[in-house]
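This report refers to the structure that appears directly beneath it.
As the structure lists them, so they are numbered: ligands from 1, and atoms in each ligand from 1. Each residue takes its place number in the sequence, starting with 1.
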Amino acid sequence: MDKMVVVGNGPLKGSVATSGAKNAALPILFSTLLAEGEHVFRNVPKLKDIESTAELLQSLGCETRWDGDVFRVKVSRLQSYEASYDLVRKMRASFLCMGPMLAKYGEAVVSQPGGCAIGSRPIDLHLEGFKALGAEITQKEGYVHAATPKLKGSTFLFETVTVGGTENVMMAATLAKGKTVLENAAKEPEIVDLAEYLNKMGAKITGHGTSVITIEGVEKLTPAEHSIMPDRIEAGTLLIAGAITKGHVTVTKCVPAHLEALIIKMRDAGFKIETTKDTMTVFPCESWNAVDITTAPHPLFPTDLQAQYMALMAVANGTTVITETVFENRFMHVQELIRLGSDITPKTRVAVVRGRPNELTGAQVMATDLRASASLVLAGLVAKGETVVNRIYHLDRGYEKLEDKLSSLGAVIRRIE
Ligand code: UD1
């Protein structure tokens, strides 16, 4: 199994480009099931999760291929409406194939995603949404069956803000008869990117990016072309890499407006950060202060940057309180950061980080999930000596060529088998 070796090597310098957003590409690739023909995408990141999505689409009878940097999905009338356990267990987001299949074919059978390292992550709200549109849902032998002759538009209120739930039900509603209104919908930029692609295919969606999304059902969608939005979580991780090493780093091809919550907290901590429409620059800062965060749905502080921000606060002046409100078990990186010399006390949803500037030391650590892996790499960049991050496959699920990008900024980082 691959490992990443990181050696603390002083400030990072230079500029680095952001890749396409994994969390926008996944739902958009599943949305192709709504329209037969060839779909053309640019800025799709080359990641394990994209491979898993392609595998699932192929298992349903679609053809996928890379054509240089362009990713093409050719959809013919599906022969099977079943997404098997083997494919869904690799990636929770696979459940997003259900809404499109249900809408287009009136039937979908998808394995229940099962547990997940960062919490129970149920799918009850996806299913309630489908029921509100008239689907009959049954669950047996680990599979969810959804069926209906024709979905009918309706008003549905999400009990909790859910990104995947909003995406799945929004996709289903595009081909429903009549109008659907989704209330307390997620407002993440990835929802907006998905809605924009659906509209390019002929859907009639308004209100995306707000908490009320309206979808006028249409008879048919047709394939289109789209460039996937930049990955805000990767961009934030690279900005923190510059900051934690006291470096001078410009992150390009990103949308700083998507990262306001992070930028505000980092400025409060003492960093000078300049932004343009599509770049962010962090300037060298010798020491910074502890600033508390609470994770919450967009536009508030993203849970997907909590672990990376914790690494930054592990070497801040003072004590930071980090509150995680989105997932109930998302502090697994804490024990590993402690192995590197951090002083952190985690409780169920709150962690107290007592900053120890310049005091981390390299060690063997274990990556437990995608974003946790990134936080260990960040801490490794400033730990004295060598940090070996084991189980790096988590990182490959969501970061395109992270080691090459960090090396180009002067980091000493290499992958070993
Ligand atoms: C997506 C992102 C993930 C991010 C998360 C929150 C993708 C592929 N993944 O995950 O990186 O961390 O949003 O920003 O885009 N919930 C329910 N019932 C449901 C669905 C969700 O109770 O039916 C709860 C979850 O347990 C969690 C909260 O809602 O506590 C938010 O989860 P959700 O927004 O659905 O996350 P994902 O879409 O799985």
Side-chain angles (χ1 to χ4, degrees), residues 20-31 45 47-50 52-53 56 88 90-99 110 112-132 137 139 144 146 156-172 182 184-194 211 228-229 231-234 236-237 258-259 261-262 294-309 323-333 348-349 369-375 394-395 397-399:
K22 167 181 91 73
N23 286 354
L26 299 181
I28 288 175
L29 291 180
F30 285 118
S31 79
L47 299 169
K48 271 263 153 358
D49 275 8
I50 299 294
S52 304
T53 305
L56 204 161
V88 177
K90 281 195 200 160
M91 187 183 68
R92 245 190 79 80
S94 304
F95 201 73
L96 294 173
C97 67
M98 182 161 247
V110 183
Q112 275 162 349
C116 170
I118 62 173
S120 64
R121 297 179 87 175
I123 42 148
D124 56 321
L125 299 173
H126 301 227
L127 302 184
E128 273 184 34
F130 296 145
K131 278 189 205 162
I137 306 284
Q139 301 192 48
V144 182
F156 179 69
L157 167 62
F158 286 98
E159 182 80 41
T160 306
V161 176
T162 156
V163 175
T166 302
E167 291 167 344
N168 226 345
V169 182
M170 179 168 80
M171 287 191 281
L182 302 180
N184 197 25
K187 297 184 277 198
E188 268 64 5
E190 292 77 12
I191 306 263
V192 175
D193 210 33
L194 170 63
S211 55
I228 305 292
M229 63 172 271
D231 195 313
R232 62 194 168 103
I233 305 303
E234 185 204 20
T237 303
H258 292 166
L259 279 164
L262 172 70
T294 299
T295 66
H298 193 75
L300 301 176
F301 198 96
T303 174
D304 284 351
L305 281 171
Q306 178 255 106
Q308 300 89 316
Y309 184 84
T323 307
E324 172 61 56
T325 72
V326 181
F327 292 109
E328 76 267 29
N329 185 22
R330 212 173 191 181
F331 285 139
M332 283 167 311
H333 44 285
T348 316
R349 293 229 181 212
D369 71 53
L370 172 52
R371 308 304 171 185
S373 320
S375 83
H394 288 293
L395 210 56
R397 285 191 44 216
Y399 286 93

Beyond-backbone contact of [X] with [Y], side-chain heavy atoms, under 4.5 angstrom:
| X | Y | answer |
| --- | --- | --- |
| D231 | P45 | no |
| E159 | E128 | no |
| M170 | P27 | no |

Identified side-chain hydrogen bond (donor to acceptor under 3.5 Å, both in side chains) partner of R330 from the options D369, T325, D304, T295: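 Exactly one pass, corresponding to D304.
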Contacts of K48 that satisfy salt bridge (charged side-chain N to carboxylate O under 4.0 Å, His left out) - sequence neighbours left out: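 None.
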Closest heavy-atom pair and its distance - C97, V110: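 Closest pair (atom of C97, atom of V110, distance): SG-CG2, 3.9 Å.
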Any donor-acceptor N or O pair under 3.5 Å, side chains E190, H298: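 Absent: no donor and acceptor within the cut-off.
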Side chains of E324 and T303, donor plus acceptor under 3.5 Å: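 Per modelled atom types, E324 and T303 side chains form a pair under 3.5 Å.
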Can you name the atoms of ligand 1, numbered from 1 with element, that are less than 4.0 Å from a heavy atom of [X]?
| X | answer |
| --- | --- |
| V326 | 27 (C), 28 (C), 30 (O), 31 (C) |
| H126 | 23 (O) |
| R330 | 12 (O) |
| G164 | 35 (O), 38 (O) |

Option of least heavy-atom distance to [atom] (set: [options]):
| atom | options | value |
| --- | --- | --- |
| atom 31 (C) of ligand 1 | T160, V163, V161, V169 | V161 |
| atom 14 (O) of ligand 1 | N168, T303, L125 | T303 |
| atom 21 (C) of ligand 1 | P122, P27, G165 | P122 |

Ligand 1 N/O within reach of T162 N/O, cut-off under 3.5 Å: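 Yes; at least one N/O pair falls below 3.5 Å.
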Test of proximity, N23 against ligand 1: N or O pairs below 3.5 Å: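 Among all N and O atoms of N23, at least one is under 3.5 Å from an N or O of ligand 1.
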Whether Q306 lies under 4.0 Å from ligand 1, heavy atom: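 Not so, Q306 does not reach ligand 1.
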Contact with ligand 1 for E190, non-hydrogen, under 4.0 angstrom: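 No, E190 has no heavy atoms under 4.0 Å from ligand 1.
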